[in-house]
*Asks:* 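Pasting in a structure now, in structure tokens, and then I'll have a few things to ask.
These numbers come from the heavy atoms of this one structure, side chains and all, not from hydrogens, waters or symmetry mates. Sequence lines set the chain letters: A, B, ... in the order given, protein chains first and strands last, and positions in each chain run from 1.
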Amino acid sequence: MYLVRPADFADLPALERLAQQAGIGITNFPANRERLNDKIASSRRSLQTDVVQPGDESYLFVLVDTSKDQIVGCCGIDAMVGVDTPFYSYRIDEVVHASPQLQIHNRIPALFLCHDYSGTSRLIALVVDKAHQNNVAMSLLSRARLLFIARYPERFTKRLFAELRGESDKKGYSAFWDALGKHFFTMDFKKADYLSGVSNKNFIAELMPRYPIYVPTLPEAAQEAIGVIHENSDQSAEILLNEGFEFRGYVDIFDAGPSIEARTESLHTITQQKMDKALSLTDTAKGPMHLISAGHLEHFRVTAAPAEPQVAGLALEKATQERLGISSGHRIQWVAL
Amino acid sequence: MYLVRPADFADLPALERLAQQAGIGITNFPANRERLNDKIASSRRSLQTDVVQPGDESYLFVLVDTSKDQIVGCCGIDAMVGVDTPFYSYRIDEVVHASPQLQIHNRIPALFLCHDYSGTSRLIALVVDKAHQNNVAMSLLSRARLLFIARYPERFTKRLFAELRGESDKKGYSAFWDALGKHFFTMDFKKADYLSGVSNKNFIAELMPRYPIYVPTLPEAAQEAIGVIHENSDQSAEILLNEGFEFRGYVDIFDAGPSIEARTESLHTITQQKMDKALSLTDTAKGPMHLISAGHLEHFRVTAAPAEPQVAGLALEKATQERLGISSGHRIQWVAL
Amino acid sequence: MMVIRPICQNDLKSLYRLAEKTGIGFTSLVSDEAILQKKIDGAVRSFNKEDVTEPHNEDYLMVLEDTSTGDIVGTCGILATVGLDEPFYSYHLGSITHASRELKVHNVIPTLVLNNDFTGCSEICTLFLEEDYRHSKNGQLLSKARFMFMAQFPERFTEKVFAEMRGISNEDGVSPLWESLGRHFFSIDFKEADELTAQGNKQFIAELMPNNPVYVNLLPPEAREVLGQVHKNTVPARRLLEQEGFRYENYVDIFDGGPSLEARVQDIRAVRESRLCLANIGQPKGTTEGVSEGNYYLVSNAKVADFRCILVQRSIPPGSAMTLTQEEADNLCITNKEPVRIVELSPYSR
Amino acid sequence: MMVIRPICQNDLKSLYRLAEKTGIGFTSLVSDEAILQKKIDGAVRSFNKEDVTEPHNEDYLMVLEDTSTGDIVGTCGILATVGLDEPFYSYHLGSITHASRELKVHNVIPTLVLNNDFTGCSEICTLFLEEDYRHSKNGQLLSKARFMFMAQFPERFTEKVFAEMRGISNEDGVSPLWESLGRHFFSIDFKEADELTAQGNKQFIAELMPNNPVYVNLLPPEAREVLGQVHKNTVPARRLLEQEGFRYENYVDIFDGGPSLEARVQDIRAVRESRLCLANIGQPKGTTEGVSEGNYYLVSNAKVADFRCILVQRSIPPGSAMTLTQEEADNLCITNKEPVRIVELSPYSR
């Protein structure tokens, strides 16, 4: 069975292994032990802090395969990006150039460097071991974050976004980077991607073009990569799109992977989730699969298990209660898988 | 009593008189007989056409004081602006300039020339005789348009906007124009305003600045005028704001008057309006004031009168029915005033 | 003898014949009688304007006449100002630096910035010489005669003067810069855009061209390489102007990337070194009938409407007077002791 | 005698004394020993570099020494390149035309476009002369000695060279351009911004300045009027450079709007007309001991590390040789028959 809980320092080796597997293009989860350690520390600090409104907190969660007590995935939330340095994206806007006299009316898409997502909460870095990329594990890990946000809305902004990994091949070659970023960074995609994960992001403002880039002037391969999701991220993208996330024309400045956004209150998991008592499952029918969470902040736990909604609460198996560290009568939060 | 109906050619002299009173700053209602005649013709043509989706139609309505059979106001709707030539506005966007090293983080508002409202339906030119600027007449005239839109949604876009007249004095002096437009048009506000009403709008693209204007670099009087409503338009602005219109940072390129917008489906009048049978008012109680419409397209009529909502329809006085040219049993549309 | 003179009303047929020979890409001389007649009218009006104290919309179109046949075999012109009736566009090739201390990256990125900087400037233009006459320094006479006119009447021109040079395109008239830049913004082809521009119709450029700087490093190599480069046929013309002191100051044509060359009128070698002297009609010393040797000199008169310029060869440098044969004097429309302006045809030969 | 020579390690105290006298707005010479020492180190290193084939980051700082007292009374410098370590910013004053045929409106609107166009260019700078020595053509010697060095070692500089001139500000150091433009984007004051820039710290400009063109017609009149204008104390320096062939090509300082003047090195009068000849040590003809008359000549040697330049007066124009007194030769660090470079101090005196 699977359990999601906040990351702890003991998870560092496992996280490092995951980061190495994740590969290029997941800039907010670099395979750098020191940075990963910082991320765990920041998450712990955030969970231990009384938060009235979102700031520079970040939260890191791990997915545990409880049968082997092994870390097999992780994900996170940044309470607010762009706090210290602006958070950059490209906004795709159409520029209209029309000549009535020549009866020409051109709508030309152009990329505008912007920081429209500065000041917004972000879902980051969903990484899961190949062997565990099944629907239950992926949904649990991804949506556990939304249950957390529903529990602590004051810790997040009303708008939420997620960056989806853009197209690049196994060697880290990105046609979009090659056509655009490379000319301004004079380094390869891998290095820029890594730097953007470990360094402060001033260098983006320093090096990136300040004027709009007209899409038709880019090579075709680069044009085609704009807004396209890396095949490895299809599954996690689908989970979020089903939740109500939408693409609004923002893409990553490095690989042109799309960002998707939503108003927090309208997300499926958040509108559907309920809080009530845990009950015991008495009859033989186990009921449909649910995501069930319990525990406060540092002790926040989410698991996926069969359960039966009843008038007085949600009926769970004994084993599920134990996994969550609760017993009947405790308050729990749940949503159908 | 008041009645709103589509304008006809016979209304031309009355409309001309109204336009002269309206004064400067209402660019889509110029005191030019020929242009007004065109507007009436366009409205009649639009009402007589089968429309599947919005195009270059425009609708002009007049407010009749039925006691004297006199035209005392008018208003209109453009099905879609920017069809032939783009529709220009300034979008106020903040430009962020930050220097981490100097610990400076400036958010500088700037005006960007855009045509974001191109392709959108617009409410235009609400003009009412001074003597009739009472709440009933103003609400009737303004909201009659929304009832019309509710009846014929296929004729309008899903988003709707209205331009509110910006600050200028009786002589047509606008501090904003003086600081900005004047330098690019080399003519006075009055003339530019008039030209923009009677001519095609190519000259705006030809003459207006193509680069953003940083608000703090403008003289203070001009800065203060941005997004401010002309005092004569306060009342009509309030009616629309109560309907659910919002200011989203777009202002007029000449006088910086605000544009306000809404999703059509969410407007108060449109969500609240009902269609059912007209009934006769039998008891002595007249009931609360309602806006009541009847008739199809060219014969569309709206009046304000006391009425009593009942299970089977809306009960009206005999006089009201006559004013609308209906009798009990006819289908009518209504909304509470 | 080859003589430069203002174009006149009788030249329409000859001008049309020349225009037919110019070919694609030479947009200032199109084979259309109505347009050419208008051009002649403008030029005649300009040369006949007296008391001009500052440049306006004058168009000084001159022709090269072979007096032995009476044929017109070349043209050259000066526009007193450009851009005052229709906007005049160019790209300025500038740079933007993007540097990050932290990453030790320092990039200087060339950019193309759309502008109208030449507005109000004088332009030398419409240089064309018939193929059969491309010898005996006729090309130099044709090009440099304009400097003699400018030296004599500086009040008719701006302090700075420029020339647009034809940029690189292949045999089919395809320009690499256009293909990677202009094409995306105009839905018409290069030839059509070029012709519209030639007809003085430039509003569409403002309407269709991106008004933000274009990053040159994002253009394909073949487009980058043509910026500021001239068509191979134009290489000699460029060298000639550069020898006279014209400089490429990073302005290029928005369509084909061809360079504009510019100079202060007073800094042009032929202007600076030219001087007035008196004409002495007679047999020049050191020359024998029919034998040509010595240095070449441009000689012009000091008249506007009757401007003339010829090329002579003298083995003895002229001093305060210039001895001219009767034929030369006749071709210059001068009599004995009238002032003439002279200058060595080439630099470094003084 | 007044002699120009490279700065050396012993000059720190004198340089500091001069720096104290420069006052606000002279940011290239600040009274800070550490910074000055670094400057001297850079200059010494630059003058001692041999076999330089192209310009890099050399900083040729020279001083004017009064040999009668041994005092350093002025400085002048040349930077081989600017903008390669830190971005170098300027505004280009261009134009944009907005025209409507229909309305018969044709507006040419001046714009300020932020750029790094001078990146990689040589700059003449750090010109300062002590008040007591502002006579006897010392200022001209100080400024033009640099051209002698450039004429002798052109490979050490770029084809184009420029100079930034101090713009207009009032007695309190308030610049009208800064007040109506820069101030809105920097939350620091003019002085602070200017000092940061002087220390080579320019990243903040990219971070804070608007990167879109600024419409000059929207600026208040007092700001518009200072564009391209020099501070009244700088008027003579500007005239001096213009006489040498430097031109204002519409580049201005981003803070105070002061003009940059530029020239091709080979077009600078003092470079173009300077020539090498042999030194003849002896008594110059036509001069009497202690009596000065005739034309002024700049005379320099042909050495890098031991570069020297002085001013002499001769009543007879020098030919292929220049007769120098023993004192003059000593001050030039040359012996008999060594080559020296000479040029008339001023144009039109040849």
*Asks:* Under 4.5 Å from any heavy atom of chain C, what part of A/Ile213 do you find: side chain, backbone, both or neither?
*Replies:*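 Side chain of A/Ile213 only, per the 4.5 Å heavy-atom cut-off to chain C.
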
*Asks:* Between A/Tyr214 and chain C, with a heavy-atom cut-off of 4.5 Å, which part of the residue counts as in contact: side chain, backbone, both or neither?
*Replies:*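 It is the side chain, since no backbone atom gets that close.
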
*Asks:* Taking atom types as modelled and ignoring hydrogens, do the side chains of C/Tyr251 and C/Asp117 form a donor-acceptor contact shorter than 3.5 angstrom?
*Replies:*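 There is such a pair between these side chains.
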
*Asks:* Indicate whether the side chain of C/Asn115 and that of C/Tyr89 have a donor and an acceptor atom separated by less than 3.5 Å.
*Replies:*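 The answer is no; no qualifying pair exists.
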
*Asks:* Aromatic ring centroids of A/Phe184 and C/Tyr215 under 6.0 Å?
*Replies:*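 That pair passes the under 6.0 Å test.
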
*Asks:* When only pairs under 4.5 Å are counted, which of A/Ala110, A/Ala179, A/Pro216 shares the most heavy-atom pairs with chain C?
*Replies:*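 It is A/Pro216.
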
*Asks:* Can you tell me which portion of C/Asn212 sits under 4.5 Å from chain A's heavy atoms? Options are side chain, backbone, both or neither.
*Replies:*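 Both backbone and side chain.
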
*Asks:* Non-hydrogen atoms of chain A under 4.5 Å away: do they reach the side chain of C/Thr111, the backbone, both or neither?
*Replies:*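 Neither part; nothing is under 4.5 Å.
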
*Asks:* With a 4.5 angstrom heavy-atom cut-off, which part of C/Leu219 approaches chain A: side chain, backbone, both or neither?
*Replies:*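 For C/Leu219, neither part sits under 4.5 Å from chain A.
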
*Asks:* Tell me yes or no: between the side chains of C/Thr126 and C/Thr75, is some donor less than 3.5 Å from an acceptor?
*Replies:*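 No pair is found: no donor N or O on one side chain lies under 3.5 Å from an acceptor on the other.
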
*Asks:* Cation-pi check, C/Arg238 to C/Tyr248: give yes when NZ or CZ is under 6.0 Å from the six-membered ring centre and within 45° of the ring axis, no otherwise.
*Replies:*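 Judged by the rule (NZ or CZ under 6.0 Å from the ring centre, within 45° of its axis), C/Arg238 counts as positioned above C/Tyr248.
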
